[in-house]
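No experiment lies behind these values; they were computed from the predicted model shown. In each ligand, atom 1 is the first atom listed, and ligand 1 is the first ligand listed.
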Amino acid sequence: MIAQARHLIWPVLKGNAGIFMGRKIIITCAVTGSIHTPTMSPFLPITGDDIAQASIAAAEAGAAIIHLHARHPETGFPSADPNHFMDFLPKIKGRCDAVLNISTGGSSVMTLDERLAPARAVKPEMCSLNMGSMNFGIFPLKERYTEWKHDWEPKLLDASRGNLFRNTFEDIEVILSELGKTDGARFEFECYDIGHIETLAYYLNKGLVKPPLYVQFVLGVLGGIGASPENLGAMKASADRLLGDTYSFSVLGAGAMQMRLATAGAILGGNVRVGLEDNLTISAGTLARSNAEQVTKIRTILEELGFDIASAGECRELLATKGSGQVAF
Ligand code: KMH
Ligand code: ZN
């Protein structure tokens, strides 16, 4: 009887074993971003020193990739000034080995040239590439607060009612050509809906993007696909059909679903992204005291489930980056 049961169960285990065995999960930590504002959390990194310290601690906790935006050090307003990036990049590079991934999304109040200025200047190993234009609604966050540290905060949130997060085909091609082909950056392809995966497949078929692709499934941004396990399954099924074995994926659940969707993504064979850029809490109603706290939490969950975590060196191999010696900082 037992032998028969084992016979039934073993092929199932064996079939799924590839998801667990010999696979290392990449943890990305996005430490500050441009969605949240200083009023929302005293733990949001603002100055160059804050961002450097948060990044180093996140790397020490297990993040192999640090996804980076900058802020004006006095006000916390999102900044695209390369000098603000240079306030933290050399410090982080000097103290840890993580892959430093520069945002090209910046903030939806910036022009494309402003958004690209930091990556053009520092020639990173990796940068983000948003795969379509969309509404990007951060205005609902405004309803949660009555007093603000800075006048710009409610204005920036409100602006997302009328602004477009612009990523046209031309914009995408500029980034692929300048930052990818010429400067050798690998991309975090940020896909907020299935149509964005179709666009990525178009560029794959044209030969303008080169495997191995690293696709970030972004769920839970108002204007993009919602944060549910069903939508995550649909994103993965589409990517499997359109991108085949050319890609690996990571999961970013914006807001309260961050940890659950990241865990679901890992179980489906993916990697994970956490960080205060997309979620300020560590559990329902409790602010995370640091980015490292979120990294430690997801790492603990994943290790408890039997997964191994990728080091920065393993991440570089998996994503075929040019190496930290080839950047301009
Ligand atoms: N915060 C993410 C939902 C970028 O930096 O290029 C969007 C993001 C875009 O990370
Ligand atoms: Zn970002």
Side-chain angles (χ1 to χ4, degrees), residues 28-37 40 44-45 51 54-55 58 63 65-71 78-80 84-85 88 99-112 114-120 122 124 126-141 156-157 160 163-168 171-172 174-176 179-180 185-193 196 199-200 214-227 231-232 235 249-258 261-262 265 271-280 291 294:
T28 295
C29 185
V31 295
T32 191
S34 63
I35 294 173
H36 296 122
T37 68
M40 297 175 188
L44 190 66
I51 293 171
S55 302
I65 301 176
I66 308 293
H67 170 111
L68 289 154
H69 295 239
R71 293 179 183 268
S79 167
H84 289 150
F85 281 77
F88 52 75
V99 175
L100 304 186
N101 169 0
I102 306 297
S103 171
T104 65
S107 151
S108 55
V109 294
M110 297 170 187
T111 65
L112 183 70
E114 286 169 342
R115 285 163 44 185
L116 299 194
R120 279 176 171 148
V122 306
M126 187 170 201
C127 56
S128 65
L129 175 43
N130 296 275
M131 291 310 295
S133 299
M134 60 187 288
N135 291 333
F136 197 115
I138 55 175
F139 57 87
L141 288 170
L156 181 75
L157 300 172
S160 71
N163 282 346
L164 187 67
F165 184 34
R166 184 193 140 143
N167 300 285
T168 65
D171 297 344
I172 291 169
V174 165
I175 295 173
L176 287 176
L179 300 174
R186 302 293 294 163
F187 294 106
E188 176 194 12
F189 292 104
E190 301 211 30
C191 294
Y192 302 73
D193 222 322
H196 295 175
T199 299
L200 180 55
Y214 196 63
V215 183
Q216 193 66 255
F217 295 154
V218 183
L219 297 91
V221 169
L222 184 61
I225 202 164
N231 284 341
L232 175 56
M235 294 285 273
F249 69 95
S250 172
V251 176
L252 182 182
M257 286 291 279
Q258 182 190 57
L261 281 180
N271 304 281
V272 302
R273 172 169 149 178
V274 295
L276 301 190
E277 170 163 343
D278 303 299
N279 174 32
L280 291 173
N291 281 276
Q294 288 186 347

I need the single residue from V99, V31, T28 that forms a side chain to side chain contact (heavy atoms under 4.5 Å, CB included) with I66. Which is it? V31
Test your reading of the model: is there a side-chain donor-acceptor pair from H69 to the backbone of S103, 3.5 Å cut-off? no
Verify, without hydrogens or angle tests, whether N291 (side chain) and L276 (backbone) share a donor-acceptor contact under 3.5 angstrom. yes
Lining ligand 1 at under 4.0 Å, by non-hydrogen atom distance, are residues I35, H67, H69, S103, G105, S128, N130, F136, E190, Y192, V218, V221, R273, E277, D278
Tell me how many protein N, O or S atoms are closer than 2.8 Å to the Zn ion (ligand 2). 3
Nearest heavy-atom approach of I172 to G132 is CD1-N, 4.3 Å
Looking only at non-hydrogen atoms, find the nearest pair between D193 and G224 and report the distance. OD2-C, 4.1 Å
Residues in side-chain contact (heavy atoms from CB on, under 4.5 Å) with Q258, at least two apart? V274, N279, Q294
Test side-chain contact (heavy atoms from CB on, under 4.5 Å) applied to V109 - qualifying residues, sequence neighbours left out: F77, S107, L156, A159, N163
Parallel, tilted or perpendicular for F85 and F88, by the 30°/60° rule? tilted
Set out, in order, the CA-CA distance, both residues' side-chain angles and the distance that settles side-chain contact (heavy atoms from CB on, under 4.5 Å) for M134 and V221, then state yes or no. CA-CA 10 Å; M134 60 187 288; V221 169; 4.1 Å; yes
